[in-house]
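Note that the structure is a prediction, hence the values are computed from the model and not measured. A note on names: the letters A, B, ... follow the listed sequences, proteins ahead of strands, and every chain is numbered from 1.
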There are 2 protein chains.
Amino acid sequence: MVFLEPFLVSLAEEVGGCDCFFEATTSEFGQIFGVSQQSASRYLMLLEKQGWITRARSEKGFKVSITDEGVSVLKRLERKISSFLNHDSEMTYVGEVVSGIGEGAYYVSKYAEKINETLGYSPYPGTLNVRVHSGKPDLDIKSTIKISGFTSEGRSYGGVGLTPIVLTINRKTIHCHAIIPERTHHKLDLELISKHNFRKEFKAADGDEVRFTVL
Amino acid sequence: MVFLEPFLVSLAEEVGGCDCFFEATTSEFGQIFGVSQQSASRYLMLLEKQGWITRARSEKGFKVSITDEGVSVLKRLERKISSFLNHDSEMTYVGEVVSGIGEGAYYVSKYAEKINETLGYSPYPGTLNVRVHSGKPDLDIKSTIKISGFTSEGRSYGGVGLTPIVLTINRKTIHCHAIIPERTHHKLDLELISKHNFRKEFKAADGDEVRFTVL
DNA sequence: ATTACTATATAGCGAGTAT
DNA sequence: TATACTCGCTATATAGTAA
C-alpha cells in the first residue's frame, strides 16, 4: 500500500494555490518529499497517474500543478481535520450577500421538480449568492443529498448536491440548502435555495451579513 | 519510511474531537485504516510511540484519543492545506469582542519587558479577547515571534508566541499581536495585545465585530 | 473472544546507470 | 545536464499462531 496524500500535501504547500504551478527537478522534489531523486520521480508519476497533479517538463525539471481532483482530495482532508479541530465550536461560517448573474433562477426552474421530489419543497426560482469570508467552504459532505443528472428537451443537466444549511440573516433564521454542482465549478460564491424569496421575504440585500452552520 | 499522518487523520475523524475517545478492536481499526488487523495493531503502537495518540485497553479493544502533540500535527496539516485552498481569498477571520476574566492584564504586565525587547513596544496592560466565529484558528505559524519562558520572583512563566495581526474594529485598522501560549491552553478565545487600550481608544465593546488577517 | 509475536512474502527504496 | 529504468537489499504486510 502506498499513501500519496502526504506527497500531495507537500506539493500543495509548494504550489501555493489552485491556479499556480511549481517548478523543480526530481532531485529537488526528492528534498521536499524527504526521499531520493528516484523515488520522487516515481511518486510524481504515481500522482499524475492518480489524476491528482499535472506535470509538464521544462528545461530544469517539471512544472507541477494540482488538478481539480487533487483539490477535492485536499478539501476532503481539510474537512476531516477541521471537523475534529472545530468539534465543540460547531463551525459557523460568516459571509455576505452578493449579486449573482441571474442564471440561478433559470437553473433552479429546471431542477425544481427534482428538488421537490428530493427535498419535499418547491424552491423559489432564484438563488441567494453568498460570499463566505473565510473562503468558499467545501460543503460536499455526508449530509449532502445528491440529485443525479438528467436530460430535458435535448439538453443535459449535470448532477448536483444539496447541503442542508441553517442560515441567519437580519436576525431571522432560515433552513435552506446550498447547491453543490457535481462538475466542480470555480465559482467564488455559494448559491442557496429555499422555498422563500430571500430578498423579498427577509429583505436580504447585497452586503448584508449572513451566518450559517451546516447540518 | 512510514507515514503515520494518514492514520492519525483517520483516527481524528473517528474520535471526533479533542476531548473524546474512540473505542474499537484492532480488526475494526484495520477496517478504518484499510489494512489487516496485524498492521492496525502495529500502527496503533507506532502512533502511541510517536506520542500522537493514547491507547487504553478496554474489554472490546482499545480506547483511543489524540494527544496535544497529535493535535498540533493535525493543525500543521490543516494550515498547509488551507493556505493552498485559500490562496486568493487571503484568509480574513471574523469574530467578536468578548469579555476576558481580567487575568490578561496581570500576565501582560509580567511579560511587558520581554515583549518590549522583542516587539519594540510596551504593551498596554490588558488584552482584547476575541471569539473567532469559524473557531479559534491556529496562529502558531512562521511569522510567530517566540518569547521563551522565564522565572521571576520564584514564579515561572511559560514561553509564548506572538503572531502579528492586522485588525479592523469600528472601521479602524490596528496592527497588534495575538498571544499564543506555548503550553497549549484550551481557551476558546484569542487574546490580542497592542500598545493601545482597545476598549478606550477604539471604543471596543463586547459583541463588536472584528476582522483580522494574519501577517 | 482479544492483541501482538514470528515467519515469510512482497513492496518499496535508492545505487547504478541508460537514455 | 535531466528522467527514469533495473535490480539487490531492506522495510513492510499479513498469515499463522501464542498468549
Task: Residues B:Arg55, B:Glu48: salt bridge by 4.0 Å N-O rule - done: yes
Open item on the list: So, using side chain to side chain contact (heavy atoms under 4.5 Å, CB included) as the criterion, who are the partners of A:Ser109 when residues are at least two apart?
Closed with: none
Open item on the list: Give me each pair satisfying salt bridge (charged side-chain N to carboxylate O under 4.0 Å, His left out) with a member in residues 145-161 of chain A, each pair once, sequence neighbours excluded.
Closed with: A:Asp140-A:Lys146
- [ ] Report the relative orientation of the aromatic rings in A:Tyr157 and A:Phe150; use parallel for angles under 30°, tilted for 30 to 60°, perpendicular for over 60°.
- [x] parallel
Task: Nucleotide nearest A:Ser41 when distance is taken to its side chain, options D:dA4, C:dG14, C:dT3 - done: D:dA4
TODO: State whether a side-chain donor-acceptor pair under 3.5 Å links B:Thr163 with B:Thr144.
DONE: yes
- [ ] Would you list the pairs meeting salt bridge (charged side-chain N to carboxylate O under 4.0 Å, His left out) in which at least one residue belongs to residues 23-34 of chain B, sequence neighbours left out?
- [x] B:Glu28-B:Lys60
Open item on the list: Using ring centroids (six-membered ring only for Trp), state whether A:Tyr93 and A:Phe212 fall under 6.0 Å.
Closed with: yes
- [ ] Determine whether A:Leu119 and A:Ile145 make a side-chain contact, defined as any pair of heavy atoms from C-beta on separated by less than 4.5 Å.
- [x] yes
Task: Minimum-distance pair of heavy atoms, taken over all atoms of A:Ser27 and A:Gln37 - done: OG-CG, 3.6 Å
- [ ] Would you confirm whether the ring centroid of B:Phe62 sits within less than 6.0 angstrom of the ring centroid of B:Phe21?
- [x] no
Open item on the list: Without decimals, in angstroms, what is the distance between A:Glu23 CD and D:dT1 C1'?
Closed with: 15 Å
- [ ] Mind listing the residues from residues 44-59 of chain A sitting with a heavy atom below 4.0 Å of DNA chain C? Number order is fine.
- [x] none
TODO: Could you work out which one of C:dA4, D:dA13, C:dG14 sits closest to the side chain of B:Phe62?
DONE: C:dA4
Task: Contacting residues from residues 25-38 of chain B, given that a heavy atom lies under 4.0 angstrom of DNA chain C - done: B:Thr25, B:Thr26, B:Gln37, B:Gln38
Open item on the list: Any donor-acceptor pair under 3.5 Å linking the side-chain atoms of B:Thr54 with those of B:Ser65?
Closed with: yes
- [ ] For DNA chain C, write out the stems as range with range, using runs of 3 or more consecutive Watson-Crick or G-U pairs with both distances under 3.5 Å.
- [x] C:2-19 with D:2-19
- [ ] Take the protein atom CZ of B:Phe3 and the nucleotide atom P of D:dT12, then report the distance between them rounded to whole Å.
- [x] 11 Å
Open item on the list: Is the phosphate of D:dA13 approached by B:Tyr43 (side-chain N or O, under 4.0 Å from OP1 or OP2)?
Closed with: yes
